[in-house]
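Single-structure report; data block below.
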Amino acid sequence: MKIKYDLIHKDKNSEARLGVIHTNYGSYETPMFMPVGTQATVKTLSPEELKDVKAGIILSNTYHLWLRPGEDVIDKAGGLHKFMNWDGPILTDSGGFQVFSLAKPKDITEEGVKFKNQYNGDNLLLTPEKSIEIQNKLDSDIAMSFDECVGFPHTREYVEKSVERTLRWAKRGKDVFNNPRQSLFGIVQGAEYEDLRKHCVEELVKMDFDGYSIGGTAVGEPKDIQYLQVEYSTKYLPKDKVRYLMGVGDPIDIIENVIRGVDIFDCVSPTRLARHGHALTKFGKINLKNAKYKMDFTPIDESCDCYSCKHYTKAYIKHLLNAEETFGARLLSIHNIRYLIHLTEELREAIKEDRTLEFREEFIKNYYGEHHE
RNA sequence: GCGGAAUUGGUGAAGUGGUUAACACGCCGGAUUGUGGCUCCGGUAUGCAUGAGUUCGAUCCUCAUAUUUCGCC
């Protein structure tokens, strides 16, 4: 079945929404944070650990699974859920972000995007049709349209052309889409131009997608521009469909964009930060490699209920990082993902009680406050 | 006891009679946003064993001392 979104309550003082998304693999409340498992695994975590941190939907990537192991392997395995032993919902990104991160401008044409296979040098062409075909085979719960994620900075002229192409690509993908168990999202582009965002939303809504994503953010733009990009999108999106902001995962940005009407987030940051020794805490981000934690026998975050905080100290995790033991990155990944998911839990409570704006004030005071070094 | 060789930062080391002593590791910081997973960017020896001498000038030359190491008795 297709996913279904129910709006439960809208915050009285902002655009923040408390909702429920119903999937083939259970129902989950929004706002929610999706951990990223690009290559059919959330780096260093087992599915059991993902359940422990209360993960709902996880995200995987069409481009990477296409190259390795190939969609036919996963199809043969019985689909992505069986292949990776994950019985929760999965969303697959279309490869659109790789257009931004890997392709050169000359590689982008109306037909699709040319890539070089990073493993064997083969020339590859990813098209909207191909992306959807792969995702249909992967059998994820939510597929994304193949779009062009435009970086920052850019010219308005380029964005205008890119939005039109992204719309044509969305249509082409939708026309070949044929997995009845799967839902398909359209992606709103248009950079920081309100008229382009509005136009993009209107055209996507005409095509009637199962949900909508906001793209073109978290690509190096200043925060105020990011927030405008989101405002200019949610302002025009239908209230009865879920909104997913792609790539955003900074704690403050999650709060700011929930306030602007976003329901779902994803970001590689909790796992990447973990691999580089950083932990998110109530009092800001800390670097556990710092010498000051050598004798710190307290948990990362006293207020955190995760496995790592319940059983391990900063000094121990610092030791693991210094010794390049992978358990350190795993403990930090567990913590950071739990941290962001817990943040969305708190946001849901706040929305329920119409105090989202107050929650933001209090959170920022702690996060950037004098406690933070 | 005699003879040889060596002595540069936390470590391994390059180097030159003349402005700021290479590089690597380590250490100390910072970055990271729909992940091209051990990445990227900074900082890190006011000093070349110690003392004396030669020289306009010495880490680099000379002598002594100390330490290490090798060989011989």
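Protein chains get the first letters and strands the later ones, always in sequence-line order, with residue 1 at the start of each. In this text, all values refer to a predicted model and were calculated from it rather than measured experimentally.
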For the side chain of [X], counting heavy atoms from C-beta on, which of [options] is nearest?
X        : options             : answer
A/Val248 : B/G36, B/A31, B/U33 : B/U33
A/Lys318 : B/U35, B/C28, B/U32 : B/C28
A/Asn290 : B/G29, B/G34, B/U35 : B/G29
A/Leu59  : B/G36, B/G34, B/U32 : B/G34
A/Asp250 : B/U35, B/U33, B/G34 : B/U33

Would you give me the side-chain donor-acceptor pairs under 3.5 Å for residues 124-136 of chain A, sequence neighbours excluded?
unit_1: A/Thr127; atom_1: OG1; unit_2: A/Lys130; atom_2: N; d: 3.0
unit_1: A/Glu129; atom_1: OE1; unit_2: A/Arg172; atom_2: NH2; d: 3.0
unit_1: A/Glu129; atom_1: OE2; unit_2: A/Arg172; atom_2: NE; d: 2.8
unit_1: A/Ser131; atom_1: OG; unit_2: A/Ser94; atom_2: O; d: 2.8
unit_1: A/Ser131; atom_1: OG; unit_2: A/Gln135; atom_2: NE2; d: 3.1
unit_1: A/Gln135; atom_1: OE1; unit_2: A/Thr92; atom_2: OG1; d: 2.8
unit_1: A/Gln135; atom_1: OE1; unit_2: A/Met144; atom_2: N; d: 3.0
unit_1: A/Gln135; atom_1: NE2; unit_2: A/Ser131; atom_2: O; d: 3.4
unit_1: A/Gln135; atom_1: NE2; unit_2: A/Met144; atom_2: O; d: 2.9
unit_1: A/Asn136; atom_1: OD1; unit_2: A/Asn178; atom_2: N; d: 3.1
unit_1: A/Asn136; atom_1: ND2; unit_2: A/Gln182; atom_2: OE1; d: 2.8

Listed in order of residue number, which residues of [range] have a non-hydrogen atom at under 4.0 Å from RNA chain B?
range                       : answer
residues 155-181 of chain A : none
residues 80-89 of chain A   : none
residues 186-220 of chain A : A/Ile187, A/Gln189, A/Gly216, A/Ala218
residues 128-138 of chain A : none
residues 256-267 of chain A : A/Asp266, A/Cys267

message: Does the structure show A/His276 stacking with B/U39, if we require the centres to be closer than 5.5 Å and the planes to be within less than 30 degrees of parallel?
response: yes

Pairing partner of [N] (Watson-Crick or G-U wobble, both distances under 3.5 Å):
N     : result
B/U44 : B/G26
B/U7  : B/A66
B/C60 : none
B/C2  : B/G71

What interatomic distance, in whole Å, is found between [atom1] of [M] and the corresponding atom of [N]?
N     : M     : atom1 : answer
B/A21 : B/G15 : C1'   : 8 Å
B/G26 : B/G12 : P     : 15 Å
B/U44 : B/G9  : C1'   : 9 Å
B/A58 : B/C73 : P     : 44 Å
B/U19 : B/C61 : C1'   : 22 Å
B/A66 : B/U50 : C1'   : 7 Å
B/U65 : B/G29 : P     : 46 Å

Nearest-nucleotide 5' precedence on RNA chain B, A/Gly249 against A/Asn322: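 Per heavy-atom nearest nucleotide, the more 5' residue is A/Asn322.
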
field: salt bridge (Lys or Arg N to Asp or Glu O under 4.0 Å) involving A/Lys239 - partner list, sequence neighbours excluded
entry: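 Salt bridge (Lys or Arg N to Asp or Glu O under 4.0 Å) list for A/Lys239, sorted by chain: empty.
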
- prompt: Can you name the salt bridge (Lys or Arg N to Asp or Glu O under 4.0 Å) partners of A/Glu15, sequence neighbours left out?
  reply: none

Distance-only donor-acceptor test, [X] side-chain atoms vs [N] base atoms, 3.5 Å:
X        : N     : value
A/Lys285 : B/U32 : no
A/Arg272 : B/U35 : yes
A/Asp147 : B/G34 : yes
A/Arg275 : B/U32 : no

- prompt: Are the ring centres of A/His81 and A/Phe83 closer than 6.0 Å?
  reply: no

message: Check for me whether the distance between the ring centres of A/Tyr227 and A/Tyr232 falls short of 6.0 Å.
response: no

query: Given atom CG of A/Leu45 and atom C1' of B/U35, what is their separation to the nearest angstrom?
result: 15 Å

message: Please report the distance, rounded to the nearest Å, between CG in A/Asn287 and P in B/C27.
response: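 Atom CG in A/Asn287 sits about 13 Å away from atom P in B/C27.
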
What's [X] touching, base or sugar-phosphate or nothing? Going by heavy atoms closer than 4.0 Å.
X        : answer
A/Leu273 : base
A/His278 : base
A/Thr44  : nothing
A/Asn61  : sugar-phosphate
A/Gln98  : sugar-phosphate
A/Lys294 : nothing

Cation over ring face, A/Lys198 and A/Tyr236, 6.0 Å, 45°: yes

- request: Would you verify whether the NZ or CZ of A/Lys137 falls within 45 degrees of the ring axis of A/Trp66 while also being under 6.0 Å from that six-membered ring's centre?
  value: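 Checked: cation-pi criterion not met.
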
- request: Sort and list the pairs that fulfil ring-ring contact (aromatic ring centres under 6.0 Å, His included) and have at least one residue in residues 102-128 of chain A, not counting sequence neighbours.
  value: A/Tyr63-A/Phe115

task: Hey, could you give me each pair passing ring-ring contact (aromatic ring centres under 6.0 Å, His included) that has a residue in residues 28-53 of chain A? Not counting sequence neighbours.
output: none

message: Can you tell me if A/Glu346 has over 12 outside heavy atoms packed within less than 6.0 Å of its CD?
response: yes

message: Clusters formed by hydrophobic residues whose side-chain heavy atoms approach within less than 4.5 Å: which one holds A/Met295, and what are its other members?
response: A/Phe297

task: Mind jotting down which residue pairs meet the side-chain hydrogen bond (donor to acceptor under 3.5 Å, both in side chains) criterion with at least one end in residues 265-284 of chain A? Sequence neighbours excluded, please.
output: A/Tyr244-A/Asp266

query: Between A/Ser269 and B/U33, is there a side-chain N or O to OP1/OP2 distance below 4.0 Å?
result: no

